[in-house]
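What follows is a set of notes on a single structure, which appears directly below.
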Amino acid sequence: MSLSAEKSFRMKMRDVETAFKYRRFPYPKRSVELIALLAISCTFFLFMHTNKLNSRLKEMEMKLQPSEFSALGLTGSNHLDSPKREDINTLHGTYQYLKSTGQLKNLNAYRLNNTRKADLDVIFFNRCAKVGSEALLELFGILESFNDGLNLEREGLHRLTKRQFKRGEQRELAEQISELTEGSIWIQHVNWIDFQEFDFPKPIYINMVRDPVERVISWYFYARGAYKNAIEYIKDPTKPIRPESWYKKDFNHCVRSGDPECQYVPFSVKDYVGNFKRQSLFFCGHHDDCIPFNSPAAVQMAKEHVERDYAVVGTWEETNITLTVFEKYIPRFFNGAKLLFEMNIDKVTNRNKNKRKPKIDDDVKAMIRKNFTHEYDFYYFCKQRLYKQYLAVSLKELQAHNLLD
């Protein structure tokens, strides 16, 4: 290497050493702009992601806040291992709980009445299967003649029952109900629908519940009854007729023998035969998470919808309480309901009643009940809510006659 070349090499090495020492690396102008753009993009992404997480946390926090029902401890828990599990699931038990916790004095019927939250003076009765909805339908027919301005829409009664509606079907039904005249009553076997999601006015939601095990037993024999099969034949005369042995199948033996028709498997999605064992499904909605049987997630969604949207969820197991709450909380539609029920009790209670249902052994019911834990949780929640609504409007009268202590 020549002297001049060696000198030039040393100068270049000195420049590199100086650059490393003071970290002065020249970058092309476009490279700097690219790095700046990436930095801004990353910052924006982190901001949006953090904001989304913060919103989700706020949403979860709101759900965990005490509400009109959950603040009372009326969560629907049936305490299966407790010898006093049924206490809070009676009117007297609910009253004693509210009294012992000092919350009885804060009962307020106005706050407990979701009718005031409706945007449309129309009843949406998305009736569960085998809860006595035919009896309420009969009572509606009587009320229609008694109360001016009521109109019982019968189109929904003739529609086929589907376990789930697609989004477009939900929107179509919500739109149809939103176009009904005030005073109308829409009745259909269909899951809860969120009208506000489709920007339609919110109707007055009502429904009924029944002991979960009694429901599935009732369905078992209803499916084998002449009434249902005659209706199915009219709808589809080509449908094959089941063998005689199926109609005569004994329920007690069906359960004990492990017959797939009578095995109610928790978290099952596909049923061996249709049995409407998911009472909570009618309140949960059409989401896929609502389908697994006896799912705590589905039951929680159902509870939230009941608490937020339903004016009344009654039960024929508590006829007087249910009709009182209907009258007080939805007076336009249920004015005179108790009196008219008493005057027409045979006509109302005998509609679609199965008088040939055989006795089911207690041990068989106990076997089934073990698989309905969360369904019972939801059922008791609805009953406790009903008791609380009833106490809010009847407490003074009940106390005056010493009917609670």
Requested in this report: Could you pull out all residues at least two apart from Tyr329 that satisfy ring-ring contact (aromatic ring centres under 6.0 Å, His included)?
Outcome: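 By the ring-ring contact (aromatic ring centres under 6.0 Å, His included) rule, Tyr329 matches no residue at all.
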Requested in this report: Write down the atom of Gln389, the atom of Ala311, and the distance for their closest heavy-atom approach.
Outcome: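 For Gln389 versus Ala311, the nearest heavy atoms are NE2-O, 3.0 Å.
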**Report entry** Minimum-distance pair of heavy atoms, taken over all atoms of Ser178 and Leu120
**Finding:**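 Between these two residues, the closest heavy atoms are CA-CD2, 3.7 Å.
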Query raised in the report: For Asp211, which residues count as a salt bridge (charged side-chain N to carboxylate O under 4.0 Å, His left out) partner, sequence neighbours excluded?
Result: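 Checked Asp211 against salt bridge (charged side-chain N to carboxylate O under 4.0 Å, His left out); zero matches.
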**Report entry** Pairing residues for Asp148 by the salt bridge (charged side-chain N to carboxylate O under 4.0 Å, His left out) criterion, not counting sequence neighbours
**Finding:**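 Result, salt bridge (charged side-chain N to carboxylate O under 4.0 Å, His left out) vs Asp148: none returned.
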Would [X] and [Y] count as a close aromatic pair, with their ring centres under 6.0 Å?
X	Y	result
Phe267	Phe293	no
Tyr205	Phe124	yes
Phe140	Phe333	no
Phe276	Trp219	yes
Trp316	Phe341	yes

Requested in this report: Evaluate the criterion side chain to side chain donor-acceptor pair (under 3.5 Å) for residue pair Tyr387 and Glu318; output intermediate values, then yes/no.
Outcome: CA-CA 9 Å; Tyr387 293 143; Glu318 298 284 6; 2.7 Å; yes
Report task. Look at the aromatic rings of His92 and Tyr95 and report parallel, tilted or perpendicular, splitting at 30° and 60°. Result ->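 Geometry flag for Tyr95 against His92: tilted rings.
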Requested in this report: Could you tell me whether Glu172 atom CD has more than 12 heavy atoms of other residues or ligands within 6.0 Å of it?
Outcome: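 Check fails, neighbour count at 12 or below.
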**Report entry** Heavy atoms from other residues, nucleotides or ligands near NZ of Lys328 exceed 12 (cutoff 6.0 Å)
**Finding:**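 Incorrect, the count does not exceed 12.
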Requested in this report: Measure from NZ or CZ of Lys130 to the centre of the six-membered ring of Tyr222 and say whether it is under 6.0 Å with the direction within 45° of the ring axis.
Outcome: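 Satisfied, under 6.0 Å and within 45°.
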As an exercise, state the distance from [atom1] of [X] to [atom2] of [Y], rounded to the nearest 0.5 Å.
X	Y	atom1	atom2	answer
Asn294	Arg278	CG	CZ	10.0 Å
Met208	Leu386	CE	CG	9.0 Å
Arg215	Glu375	CZ	CD	7.5 Å
Phe125	His189	CZ	NE2	8.5 Å

Requested in this report: Not counting sequence neighbours, list each pair that qualifies as a salt bridge (Lys or Arg N to Asp or Glu O under 4.0 Å) and has a residue in residues 338-350.
Outcome: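 Sorted result for residues 338-350: Glu138-Lys347.
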Requested in this report: Please report the C-alpha distance between Lys249 and Ser257 in whole Å, then the side-chain angles of each, then the deciding distance to 0.1 Å, and finally whether the side chain to side chain donor-acceptor pair (under 3.5 Å) criterion is met.
Outcome: CA-CA 12 Å; Lys249 187 188 296 185; Ser257 65; over 6 Å; no
Query - Close side-chain approach of Phe381 to Val299, heavy-atom, < 4.5 Å - result: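 No - every pair of side-chain heavy atoms lies 4.5 Å or more apart.
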Query - Close side-chain approach of Asp194 to Gln170, heavy-atom, < 4.5 Å - result: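 Answer no - side chains too far apart.
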**Report entry** Donor-acceptor under 3.5 Å (Asn344 side chain, Leu340 main chain)
**Finding:**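 Yes.
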Query - side chain to side chain donor-acceptor pair (under 3.5 Å) between Tyr379 and Glu317, worked out - result: CA-CA 12 Å; Tyr379 162 70; Glu317 298 158 356; 2.5 Å; yes
Query - Partner residues of Asn191 under the side-chain contact (heavy atoms from CB on, under 4.5 Å) criterion, sequence neighbours left out - result: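 For Asn191, the residues satisfying side-chain contact (heavy atoms from CB on, under 4.5 Å) (neighbours in sequence not counted) are Leu281, Phe282, His286.
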Report task. Provide the full list of disulfide bond (SG atoms under 2.5 Å apart) pairs with a residue in residues 265-318, sequence neighbours left out, each pair given once. Result ->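 Pairs touching residues 265-318 that pass the test: Cys284-Cys290.
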Query raised in the report: Using a distance-only test with no angle check, is there a side-chain donor-acceptor pair under 3.5 angstrom linking Asn126 and Trp192?
Result: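 Per modelled atom types, Asn126 and Trp192 side chains form no pair under 3.5 Å.
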